[in-house]
Amino acid sequence: MEIRAVLFDLDNTLFDHPASVRTGVRLFLEHVGVGCSQELTSAWFRIEQANYDRYLAKELSFEEQRRERLREFRHLAGSDVPPTNWELDELFAKYVQSYEEAWTAFPDAVSTLRSIRAIGLPVGVVTNGNHKQQTAKISRTGLEGLLDGIFSSELMNHAKPEPEAFTLPCQSLNVLPSGTLYVGDNYRVDVEGARNAGLQALHLDRDGFKRKGTIQSFRGTTVATRRNHAV
């Protein structure tokens, strides 16, 4: 089936979330007077994922998952946990400020999107998360003008790997799932989710590409996928 559109995951695929988090955590720990370490940074990532999953499952609100993350992390860091939600929100805002200041896209993100659009394909982002925050990432990192649609789980009321999280963007772009290529870093959520919804999918292992020094090969693969099919 020829490729008629390409959809991308955002965090860890186009947007360098890990690099932004590492900077945010380091500056946050400096603010609270705790030394940064690999152990604490790894714990932050683990706690973030666990509570974000609870947010996606609608067990917690977006604000509540932030508070829970801070409660767990501050305990591990050996620092006092503020007793009120207001104080937790104020403290988390310090992390958010540092995190946002470090926002960056992967070096090949813009060129990849431009290459796909140059051959006439619509491009969109499908992302699990808060719509306001995710669109802000896209705007701040220079990706907004290269996208034909931004589809967040909050906006669609469906989170990946639910089939609707993939099929609704296809409907919006007026393309069939079978003619849509989805690219993401999480094999279970992105690749298996997309394939179960009837899309074609590619797994982008950013860590693997970095180790091999072949990030640019991903761009060529995506473009070649389109060119290998009749228009």
Side-chain angles (χ1 to χ4, degrees), residues 1-18 45 48-66 68-69 105-106 109 112-113 116-117 119-141 143-206 218 221-222 225-226 229:
M1 182 71 180
E2 62 189 61
I3 303 300
R4 294 291 189 180
V6 183
L7 296 172
F8 286 89
D9 171 49
L10 181 61
D11 293 331
N12 307 332
T13 298
L14 296 175
F15 173 75
D16 195 345
H17 177 68
F45 277 107
E48 174 190 60
Q49 188 63 60
N51 285 284
Y52 207 74
D53 286 346
R54 294 181 66 192
Y55 158 67
L56 293 175
K58 301 177 183 178
E59 296 176 13
L60 299 171
S61 70
F62 189 67
E63 292 75 20
E64 288 168 345
Q65 61 89 21
R66 285 181 163 184
E68 286 302 307
R69 285 160 58 183
F106 283 105
T112 296
L113 297 181
I116 297 170
R117 290 175 66 87
I119 57 173
L121 297 184
V123 183
V125 159
V126 181
T127 175
N128 281 350
N130 174 269
H131 190 74
K132 181 179 179 180
Q133 184 182 57
Q134 299 302 78
T135 54
K137 291 176 184 177
I138 289 168
S139 176
R140 288 265 300 274
T141 56
L143 304 177
E144 186 174 24
L146 300 172
L147 297 170
D148 298 291
I150 303 170
F151 308 95
S152 69
S153 58
E154 182 179 66
L155 187 68
M156 297 185 291
N157 201 31
H158 291 284
K160 299 178 293 183
E162 294 176 43
E164 293 86 353
F166 300 97
T167 57
L168 289 174
C170 293
Q171 293 174 19
S172 179
L173 295 177
N174 197 29
V175 292
L176 293 173
S178 58
T180 304
L181 176 67
Y182 189 83
V183 183
D185 72 293
N186 187 308
Y187 193 85
R188 182 186 67 83
V189 172
D190 293 318
V191 177
E192 291 185 348
R195 289 174 179 169
N196 289 338
L199 285 72
Q200 301 182 53
L202 286 177
H203 183 215
L204 176 59
D205 181 357
R206 280 292 184 181
F218 163 66
T221 299
T222 303
T225 300
R226 175 62 179 81
H229 293 82

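- Judged purely by atom type and a 3.5 angstrom limit, Gln200 has no side-chain atom pairing as donor or acceptor with the backbone of Arg195.
- To the nearest 0.5 Å, atoms OH (Tyr55) and CD (Glu64) are separated by 11.5 Å.
- Looking at Val123 and Leu146, their side chains never come closer than 4.5 Å, going by heavy atoms from C-beta outward.
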Stepwise side chain to side chain contact (heavy atoms under 4.5 Å, CB included) test for Leu14 and Lys137: CA-CA 10 Å; Leu14 296 175; Lys137 291 176 184 177; over 6 Å; no
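- The two residues Pro122 and Asp148 make their nearest non-hydrogen contact at CA-OD2, 3.1 Å.
- For Glu59, the salt bridge (Lys or Arg N to Asp or Glu O under 4.0 Å) partners two or more places apart in sequence, or in a different chain, are Arg54.
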Audit row: Asn157, Lys58, side chain to side chain contact (heavy atoms under 4.5 Å, CB included) steps and yes/no: CA-CA 10 Å; Asn157 201 31; Lys58 301 177 183 178; 2.7 Å; yes
Worked check of side chain to side chain contact (heavy atoms under 4.5 Å, CB included) between Leu199 and Leu7: CA-CA 10 Å; Leu199 285 72; Leu7 296 172; 4.1 Å; yes
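- Put simply, the side chain of Asn128 gets close to the backbone of Lys160: a donor and an acceptor are under 3.5 Å apart.
- Rounded to the nearest 0.5 angstrom, Asp190 CG and Arg188 CZ are separated by 9.5 Å.
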Step-by-step side chain to side chain contact (heavy atoms under 4.5 Å, CB included) determination, Leu143 to Phe8: CA-CA 12 Å; Leu143 304 177; Phe8 286 89; over 6 Å; no
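- Looking at every heavy atom in both residues, Ala159 comes nearest to Ala165 through C-CB, 3.8 Å.
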Working for side-chain hydrogen bond (donor to acceptor under 3.5 Å, both in side chains), residues Gln134 and Thr127: CA-CA 8 Å; Gln134 299 302 78; Thr127 175; 2.6 Å; yes
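- Side-chain contact between Asn196 and Pro163 is absent, with no heavy atoms from C-beta onward closer than 4.5 Å.
- What you find for Pro161 and Gly193 is that their closest heavy atoms are CB-CA, 3.9 Å.
- A distance of 6.5 Å separates CD1 in Ile150 from NE2 in His131, rounded to the nearest 0.5 Å.
- Taking the side chain as every heavy atom from C-beta outward, Phe151 and Leu168 never approach each other to under 4.5 Å.
- The stretch residues 163-192 participates, sequence neighbours left out, in these ring pair (Phe, Tyr, Trp, His ring centres under 6.0 Å) pairs: Phe166-Tyr182, Tyr187-His203.
- With hydrogens and angles disregarded, no donor-acceptor distance shorter than 3.5 Å links the side chain of Thr180 to the backbone of Ala5.
- Side-chain contact between Val183 and Thr112 is absent, with no heavy-atom pair separated by less than 4.5 Å.
- If you take CD on Glu68 and CD on Glu63, they are separated by 13.0 Å, rounding to the nearest 0.5 Å.
- The minimum heavy-atom distance linking Thr167 with Ala197 is given by the pair CG2-O, 3.8 Å.
- In this structure, the side chains of Glu162 and Ser153 stay at 4.5 Å or more apart for every pair of heavy atoms.
- Side-chain contact between Val125 and Glu144 is absent, with no heavy-atom pair separated by less than 4.5 Å.
- Residue Ala109 comes nearest to Ala105 through the heavy atom pair CB-CB, 4.1 Å, listed as atom of the first residue, atom of the second, then distance.
- Here the CD atom belonging to Glu164 is positioned 12.0 Å from the SG atom belonging to Cys170, to the nearest 0.5 angstrom.
- In this structure, Phe62 and Glu154 have side chains that are not in contact, with every pair of non-hydrogen atoms separated by 4.5 Å or more.
- Looking at Asn51, its side chain never comes within 3.5 Å of a backbone N or O of Gln65 through a donor-acceptor pair.
- For Arg206 and Asp16, the salt-bridge test fails: no basic side-chain N is under 4.0 Å from an acidic carboxylate O.
- No side-chain donor-acceptor contact under 3.5 Å links Ser139 to the backbone of Thr135.
- Closest approach of Asp11 and Asp185 over heavy atoms only: O-OD1, 3.3 Å.
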